[in-house]
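Following: one structure in structure tokens, then a few remarks.
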Amino acid sequence: MSWTSTERYRIRPAPGGLALVQELLNTRAVPPYGEDVLADGNGGGRWLRDVTSAWAEEQGWPDPTGEPRTGDLERVRALRERLASLMTGEAEQVGAPTDVSLRPGLDEEGRVALIPVGSPGEWLEAAVWAQVLLAQTDGTWQRLKLCREPACRSAFYDRSRNNSGVWHDVRRCGNAANLRASRARRRQQAAEGPAGE
């Protein structure tokens, strides 16, 4: 399956269903990689149709019902922001449950699957929350991270042995952070004056 929003960052997709979550998070605009994929109805609607149809086909599930409806893109953008705040530890507790539908079914190997239903926006939201739950259960959720570089914040899957990655691209984002830290240290040293004064 092609994850176009994630691949534009030159990032390997996360394993399994976390790739769907990562793809949604990576629809945000981050220069120089590209614009917000969900910014307008045409491009956003196309992305929503393509990603839900491809994920449904890969999982062997029925496609979402109909074309994206009014409000579907707004719903998906809100989901994207909620996921980002969940990843950074800034998410608010859920006061009221999200209105999504998942129906139990069996996959080809006889395992229970939670199958999303509804319009493309509802379908995607249900699929994403199901994947987050599964990732939290199997211990892979903490490996999906947002790049620590403030100008980036792309979602990447940390494949390091000790789960210590903080940048999606060490050369690009890591170097920028290290350069800023070095300049700040030099300014601090210059403000303090020469040693011994």
Side-chain angles (χ1 to χ4, degrees), residues 1-9 11-27 37-38 44-69 71-73 75-89 91 93-146 154-165 168:
M1 182 168 170
S2 177
W3 300 108
T4 57
S5 295
T6 294
E7 290 166 357
R8 68 185 177 158
Y9 293 101
I11 302 173
R12 283 178 42 201
L18 272 180
L20 179 65
V21 180
Q22 180 185 28
E23 174 70 5
L24 173 59
L25 287 162
N26 284 331
T27 58
V37 175
L38 304 176
R46 189 179 331 79
W47 177 87
L48 185 54
R49 279 189 306 276
D50 291 349
V51 79
T52 55
S53 179
W55 186 247
E57 182 179 333
E58 184 164 303
Q59 299 302 307
W61 297 340
D63 279 349
T65 317
E67 290 293 307
R69 297 188 311 209
D72 272 353
L73 280 182
R75 179 184 197 124
V76 172
R77 284 190 294 265
L79 173 61
R80 178 179 66 185
E81 296 312 309
R82 198 163 175 202
L83 285 170
S85 66
L86 178 63
M87 293 176 70
T88 59
Q93 284 189 320
V94 178
T98 301
D99 184 23
V100 296
S101 294
L102 292 160
R103 296 209 175 120
L106 295 176
D107 68 12
E108 294 172 353
E109 297 170 13
R111 294 177 301 201
V112 173
L114 296 174
I115 302 167
V117 293
S119 72
E122 295 165 339
W123 194 100
L124 180 67
E125 187 171 6
V128 164
W129 283 124
Q131 294 307 319
V132 170
L133 176 62
L134 290 171
Q136 288 177 337
T137 302
D138 72 15
T140 56
W141 173 249
Q142 68 271 13
R143 289 193 170 271
L144 188 63
K145 300 178 177 180
L146 295 178
S154 62
F156 70 100
Y157 187 79
D158 185 358
R159 289 178 165 81
S160 67
R161 181 175 288 169
N162 61 356
N163 195 25
S164 62
H168 94 277

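Along the sequence shown, residues carry numbers from 1. All values reported here derive from a predicted model rather than from experimental measurement.
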Are V117 and V100 packed together at the side-chain level, in the sense that at least one heavy-atom pair is separated by less than 4.5 angstrom? no
Compare all side-chain heavy atoms of L83 with those of L79 and state whether any distance is below 4.5 angstrom. yes
As an exercise, state the distance from CZ of R77 to CG of L24, rounded to the nearest 0.5 Å. 11.5 Å
Name each donor-acceptor pair under 3.5 Å that joins a side chain in residues 56-69 to protein atoms two or more places apart or in another chain, with its distance.
| residue | atom | partner | partner atom | Å |
| --- | --- | --- | --- | --- |
| T65 | OG1 | G118 | O | 3.4 |
| E67 | OE1 | R49 | NH1 | 3.3 |
| R69 | NH2 | E122 | OE2 | 2.8 |

Shortest non-hydrogen contact between A127 and L20, atoms and distance: CB-CD2, 3.9 Å
Supply the atom-to-atom distance N163 CG to R161 CZ, rounded to the nearest 0.5 angstrom. 13.0 Å
With a 4.5 Å cut-off on side-chain heavy atoms, are M87 and L25 touching? yes
Please examine the side chains of L114 and R103, heavy atoms only from C-beta on, and report whether any two atoms are closer than 4.5 Å. no
With side chains defined as the heavy atoms from C-beta onward, is the minimum distance between V132 and V21 less than 4.5 Å? yes
Any heavy-atom pair between the side chains of L48 and D72 that's under 4.5 Å? yes
Nearest-0.5 Å distance, CG of residue L38 to CZ of residue R46: 12.0 Å
All heavy atoms of R159 vs all of A14, minimum pair found to be NH2-CA, 4.1 Å
Point-to-point distance, once rounded to the nearest 0.5 Å, from OG1 of T88 to CG of L86: 8.0 Å
Quick one about S154 and N26 (side-chain donor to acceptor, distance below 3.5 Å, no hydrogens or angles considered), yes or no? no
Partner residues of W129 under the ring-ring contact (aromatic ring centres under 6.0 Å, His included) criterion, sequence neighbours left out: none
Donor-acceptor under 3.5 Å (K145 side chain, G165 main chain): yes
Name of the residue among W55, W47, W3 meeting side-chain hydrogen bond (donor to acceptor under 3.5 Å, both in side chains) with E23: W47
Among side-chain atoms of Q131 and W141, is any donor-acceptor pair under 3.5 angstrom? no
Is the closest side-chain heavy-atom distance between R12 and Y157 below 4.5 Å? no
With side-chain contact (heavy atoms from CB on, under 4.5 Å) as the criterion, how do Q22 and I11 come out once you've worked through the C-alpha distance, each side chain's angles and the decisive distance to 0.1 Å? CA-CA 10 Å; Q22 180 185 28; I11 302 173; 3.5 Å; yes
Partners meeting salt bridge (Lys or Arg N to Asp or Glu O under 4.0 Å) with E125 (sequence neighbours left out): R75
Side-chain contact test, heavy atoms from C-beta onward, threshold under 4.5 Å: evaluate it for L106 versus R111 and give yes or no. no
Closer than 3.5 angstrom, by distance alone: can the side chain of D158 be matched with the main-chain N or O of S164 as a donor-acceptor pair? yes
